[in-house]
Amino acid sequence: MNIFVLGSGAREHSICWALKKSKNCKKLFSSPGNAGIKKIAVCENIDLKKKSKVLHFCRKQSIDLVVIGPEEFLADGLSDYLIKNGIRTFGPTKKAAKLETSKSFAKSFLKKNGIYTPSYKEFNSFNNALNFLKKTHFPVVIKADGLAAGKGVIICENVNDASRAITDIMKKKIFGSAGEKIIIEEFINGFEISYFAFVDKKTFLPLGYALDHKRAYDNDKGPNTGGMGCFTPSRLMTNNLEKKIIKNIVEKTVNGLRKESFTYRGILFFGLMIKNQEPYVIEYNVRFGDPECQTLLRNLDNDFLELLLSTTNDELSKTKISTKKKSVVCVVLASKGYPGSYKTGKDINNLNKVENLEGIEVFHAGTKSDASIVKSNGGRVLSITATGKDLNLARSKAYKAIKTIEWEDGFYRNDIGIKNI
Ligand code: AMP
Ligand code: GLY
């Protein structure tokens, strides 16, 4: 089969890596790709915002399966367009993608389907939001309704912080039109899990979960990022809790999608807060997480291509997930300054030494290669993943590997995999 993977993150590198292992993967293409993806797939520079160009490429290369990594293309209806034109595509339709692209839509969907989620109010007017804040209990979580590149959520401890946040979002429009509407949500004090399930037209298949580290620095300090590291499994996940997640959250969500007649063939990411053993949905994402994807694919024993095809062919009911039963730790190496401004074009050395270490896979994100020299080319640059028979072993392998890499401009968190969660 000829497969085309859209995106350029470490998530997409791990997707290509997993697909490449399948005996049925004949030719692998990616756009735009990165220095790591380039080693295992043909990278093409296509204007992915122009749907007809994507279709033209698929026809020219006889693509049998398109895998859409980032949400922006799903939000734009690329999946609908390709499917309408006869191209098999992994990733939900534009309507279903609203679960991620509109927090207000997601909240009313959750409420309508009786799924636990923090209580909330929705505002279009600055004055109404301010009046509400003057009377409410703190902390609260303020969320811009639309896509804001993972930055649209602000946790506020008091009325002053909260009024600053709504001024920034609604008056200064720091997130543009994404902040025309806001959600003010109850703060849940618990632990956070990213849970994943494949979804097809008929059913769903749980893939697993990972614990992300969103803040830039150790001990959850610093600004929110796309994710600085992950681990799986959790010390706090019990059979009972996982059963609750599947029955009260995943199943109800998939039934809700069916009721609305939304076409969803892809992976669904449930952002959960667990409080007193009760899971609450704090967000939906309609794609794999990054770095959750890199983490989960290291532990997967299935043929990944077969799993994606089961999803696009509505055959998940015949499929089972099989894992290597390993612990996995993923540490992200980022450019100093990320998630703010940072330099690019700096040499990264010793990658070949790391790639040969036992239990290690390095997935590239913001990298490019000049001759054989790899250079930084983005905020998050590498994901170093390690497997082991327990978390401590996986963690020590990951940090040994990261210390071998020479890159004067990089930084990483030192505490991935040690939280008691
Ligand atoms: P999101 O972009 O929706 O993932 O939110 C960013 C981060 O804010 C999440 O990863 C959580 O750590 C935190 N967060 C969001 N909603 C809540 C909530 N209702 N209670 C506590 N923390 C939250
Ligand atoms: N790591 C969180 C996300 O991909 O949204």
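As the structure lists them, so they are numbered: ligands from 1, and atoms in each ligand from 1.
Proximity annotation for atom 2 (O) of ligand 1: of I142, N189, V153, V153 comes nearest, heavy atoms only.
Remark: ligand 1 and I188 share an N or O pair separated by less than 3.5 Å (distance only, no angle test). An N or O contact shorter than 3.5 Å is missing between R11 and ligand 2 by distance. Among the atoms of R287, some N or O lies under 3.5 angstrom from an N or O of ligand 2. Below 3.5 Å of separation, one finds no N or O of E283 facing any N or O of ligand 2.
Taking a cut-off of under 4.0 Å to the non-hydrogen atoms of E192, the atoms of ligand 1 that pass are 9 (C), 10 (O), 11 (C), 12 (O). Shown in contact with K143 at under 4.0 Å from a heavy atom are these atoms of ligand 1, numbered in order with element: 15 (C), 16 (N). Listed by number with element, the atoms of ligand 1 under 4.0 Å from a non-hydrogen atom of K103 are 3 (O). Listed by number with element, the atoms of ligand 1 under 4.0 angstrom from any heavy atom of V141 are 16 (N), 17 (C), 18 (C), 19 (N), 20 (N). Set against the non-hydrogen atoms of F187, the atoms of ligand 1 under 4.0 Å away are 20 (N), 21 (C), 22 (N). For ligand 2, the atoms lying closer than 4.0 Å to a non-hydrogen atom of D212 are 1 (N), 2 (C). In the vicinity of F269, heavy-atom distances shorter than 4.0 Å reach the ligand 2 atoms 3 (C), 4 (O), 5 (O). Ligand-side atoms of ligand 2 in range of G289: 4 (O), range being under 4.0 angstrom from any heavy atom.
Closest protein heavy atom to atom 13 (C) of ligand 1: I155 CD1, 3.9 Å. Ranking the protein heavy atoms by distance from atom 4 (O) of ligand 1 puts E283 OE2, 2.7 Å first. Shortest contact from atom 19 (N) of ligand 1 to any protein heavy atom: E185 OE1, 2.7 Å. From the protein, the heavy atom lying nearest to atom 22 (N) of ligand 1 is M273 CE, 3.4 Å. Distance from atom 14 (N) of ligand 1 to its nearest protein heavy atom, with residue and atom name: I282 CD1, 3.9 Å.
At least one side-chain heavy atom of I182 sits under 4.5 Å from a side-chain heavy atom of I166. For the pair K107/K121, no side-chain contact is recorded, criterion being any heavy-atom separation below 4.5 Å from C-beta on.
Salt bridge absent: D390 and R395 never bring a charged side-chain N and a carboxylate O closer than 4.0 Å. One finds a salt bridge joining K244 and E278 here, because a Lys/Arg side-chain nitrogen approaches an Asp/Glu carboxylate oxygen to under 4.0 Å.
For the residue pair T93 / D80, no side-chain donor-acceptor distance below 3.5 Å is found, with atom types taken as modelled. Side-chain contact annotation: N255 with E251, donor-acceptor N/O pair under 3.5 Å absent. Looking only at atom types and distance, the side chain of N414 has a donor-acceptor partner in the side chain of D218 under 3.5 Å away. A donor and an acceptor atom, one from each side chain of T89 and Y81, are nowhere located under 3.5 Å apart.
Between Y217 and F411, the two ring planes are tilted [angle within 30° to 60°]. A perpendicular orientation is assigned to the rings of F90 and F198, their planes being inclined by more than 60° (bins at 30° and 60°). Aromatic ring pairs are classed by plane angle as parallel below 30°, tilted from 30° to 60° and perpendicular above 60°; the pair W17 and F363 is perpendicular. Note: F29 and F57 have perpendicular aromatic rings, judged against thresholds of 30 and 60 degrees for the angle between ring planes.
Using a 4.0 angstrom heavy-atom cutoff, G271 does not count as in contact with ligand 1.
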